[in-house]
There are 2 protein chains.
Amino acid sequence: MSYITDQILESLREARARKGFSQRELSARSGVPQSHISKIESGGVDLRVSSLIALARVLDLELFVAPKKSVPAIKSIIRSAKGHDEDEEQVTPAYSLDGDADE
Amino acid sequence: MSYITDQILESLREARARKGFSQRELSARSGVPQSHISKIESGGVDLRVSSLIALARVLDLELFVAPKKSVPAIKSIIRSAKGHDEDEEQVTPAYSLDGDADE
DNA sequence: AATATTGATATGTTTTAACACATCATAGAA
DNA sequence: TTCTATGATGTGTTAAAACATATCAATATT
């Protein structure tokens with residue numbers, strides 16, 4: 001059903017949303033085609049590690065492995081890192097308002 | 001040079017050694033061919049996430065992504081989880097001593 | 001010396017992710 | 001409505017992982 005972990009999938013989706021990137025923008029930044037990103041995010045692809053890392057990089061995420069027993073502690077850290085921001089690269093689309101603004 | 005992260009590579013190698021598995025044994029348990037494991041551990045292969053997860057499972061590791069900023073904290077957790085054992089599945093080969101011992 | 005185990009390599013085949021496209025329906029904005 | 005951006009989907013091609021299998025040079029082990 002899903003080659004990849006739910007945790008990873010969710011983190012990818014969530015991080016992209018957090019940054020305000022569209023799939024196309026993430027594609028442009030990571031080099032991974034938008035069509036792939038769509039498939040990846042829907043869990044239908046057994047992607048290669050390099051692709052996953054490429055996406056993670058752009059999203060300010062890092063991929064790694066940890067002993068199963070330390071997973072709960074790690075998840076709690078991740079959870080707490082989630083709220084506080086401090087550094088959130090929101091990218092502010094801020095009204096492109098391009099060209100003629102005759103109105 | 002290496003498609004995969006050093007952290008991941010090292011964790012894989014280290015976890016296998018810790019368990020006392022040979023590459024062949026890890027192969028039998030994970031379903032990933034020994035020849036692959038060799039390539040993977042030497043960093044010469046851009047493997048698929050499913051393979052990585054398969055290996056990690058057998059080694060009692062878990063793969064995931066975390067925000068870059070929380071990496072230091074996580075690494076320290078992993079480090080501390082490393083020494084204390086408590087649950088170490090050493091597998092003790094303990095002398096196969098099989099069959100005829102006529103000598 | 002003979003045997004077994006380890007990790008590293010090699011070859012040939014099959015499978016499939018990654019790619020470049022292009023298209024489509026939906027939803028918002030002009 | 002028209003235009004644009006989004007995410008999802010499809011097709012054909014190519015590069016490469018995954019596979020089975022076999023071999024090899026070092027170490028152990030007997």
Side-chain angles (χ1 to χ4, degrees), chain A residues 1-5 8-10 12-59 63 91-103, chain B residues 1-5 8-10 12-59 63 91-103:
Chain A
M1 267 233 337
S2 167
Y3 300 98
I4 208 171
T5 301
I8 294 178
L9 257 173
E10 216 178 309
L12 286 181
R13 284 190 286 239
E14 203 239 321
R16 182 171 68 82
R18 201 183 204 71
K19 293 237 167 213
F21 292 165
S22 67
Q23 290 184 347
R24 278 188 173 81
E25 187 162 1
L26 179 56
S27 167
R29 291 183 188 240
S30 65
V32 178
Q34 178 268 326
S35 59
H36 266 213
I37 295 177
S38 171
K39 288 172 202 157
I40 290 168
E41 285 192 353
S42 61
V45 164
D46 184 8
L47 76 166
R48 293 179 198 168
V49 173
S50 64
S51 300
L52 182 51
I53 291 179
L55 291 176
R57 281 197 70 188
V58 174
L59 297 172
L63 180 73
V91 173
T92 9
Y95 282 140
S96 37
L97 211 303
D98 47 31
D100 46 32
D102 56 326
E103 195 132 338
Chain B
M1 266 272 72
S2 168
Y3 300 98
I4 207 171
T5 302
I8 294 178
L9 257 173
E10 215 179 309
L12 286 181
R13 283 191 286 238
E14 203 239 322
R16 182 171 68 81
R18 200 183 205 69
K19 292 238 167 214
F21 292 166
S22 67
Q23 289 184 347
R24 280 186 174 82
E25 187 163 1
L26 179 56
S27 167
R29 291 182 188 242
S30 65
V32 178
Q34 179 267 326
S35 59
H36 265 211
I37 295 178
S38 172
K39 288 177 206 151
I40 290 167
E41 285 192 354
S42 61
V45 164
D46 185 7
L47 76 167
R48 294 181 196 166
V49 173
S50 64
S51 301
L52 181 53
I53 290 178
L55 292 176
R57 281 196 70 193
V58 174
L59 298 171
L63 179 75
V91 172
T92 9
Y95 282 139
S96 35
L97 212 303
D98 46 28
D100 45 28
D102 57 325
E103 198 135 337

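Proteins come first, then strands; the chains are lettered A, B, ... in the order of their sequence lines, and each starts at number 1.
The closest donor-acceptor contact from the side chain of Ser42(A) to the backbone of Ser38(A) lies under 3.5 Å. For the pair Ser22(A) (side chain) and Glu25(A) (backbone), a donor-acceptor distance under 3.5 Å is present.
Atom CZ in Phe21(A) sits roughly 17 Å away from atom C1' in dG7(D) (whole-Å rounding). When the P atom of dT16(C) is taken as reference, atom NZ of Lys39(A) falls 14 Å away, rounded to whole Å. Distance, Ile53(A) CD1 to dA18(C) C1': 16 Å, rounded to whole Å. Between Leu55(B) atom CG and dA18(D) atom P the separation is 9 Å, expressed in whole Å. Rounded to whole angstrom, the span from the OH atom of Tyr3(B) across to the P atom of dA17(C) amounts to 17 Å. One can place CZ of Arg13(B) at 12 Å from P of dG7(C), the figure rounded to the nearest angstrom. In this entry the distance linking NE2 of His36(B) with C1' of dA10(C) reads 12 Å, nearest Å. To the nearest angstrom, P of dG7(C) lies 10 Å from CD of Glu25(B).
In terms of position along DNA chain C, the nucleotide closest to Glu41(B) lies nearer the 5' end than the nucleotide closest to the other residue of the pair Glu41(B) and Asp46(B). Nearer the 5' end of DNA chain C, as judged by each residue's closest nucleotide, is the contact made by Gly31(A), out of Gln34(A) and Gly31(A).
You'll find the side chain of Leu59(B) reaches within 4.5 Å of the side chain of Phe21(B), heavy atoms only.
Under 4.0 angstrom from either OP1 or OP2 of dA8(D) there lies at least one side-chain N or O belonging to Gln23(A). The shortest distance between the side-chain N/O atoms of Arg24(B) and the OP1/OP2 oxygens of dA8(C) is not below 4.0 Å. Contact check, Ser35(B) against dC19(D): no side-chain N or O comes under 4.0 Å of OP1 or OP2. Between Arg48(B) and dA16(D) there is no side-chain N or O to OP1 or OP2 distance below 4.0 Å. In terms of phosphate contacts, Ser38(A) brings a side-chain nitrogen or oxygen within less than 4.0 Å of OP1 or OP2 of dA8(D).
Within the 4.0 angstrom heavy-atom criterion, only backbone atoms of the sugar-phosphate kind lie near Arg16(A); the bases stay farther away.
For CZ of Arg57(A), the number of neighbouring non-hydrogen atoms (other residues, nucleotides, ligands) closer than 6.0 Å is 12 at most.
Between Glu41(A) and Arg16(A) there is a salt bridge, with a side-chain nitrogen of the basic residue lying less than 4.0 Å from a carboxylate oxygen of the acidic one.
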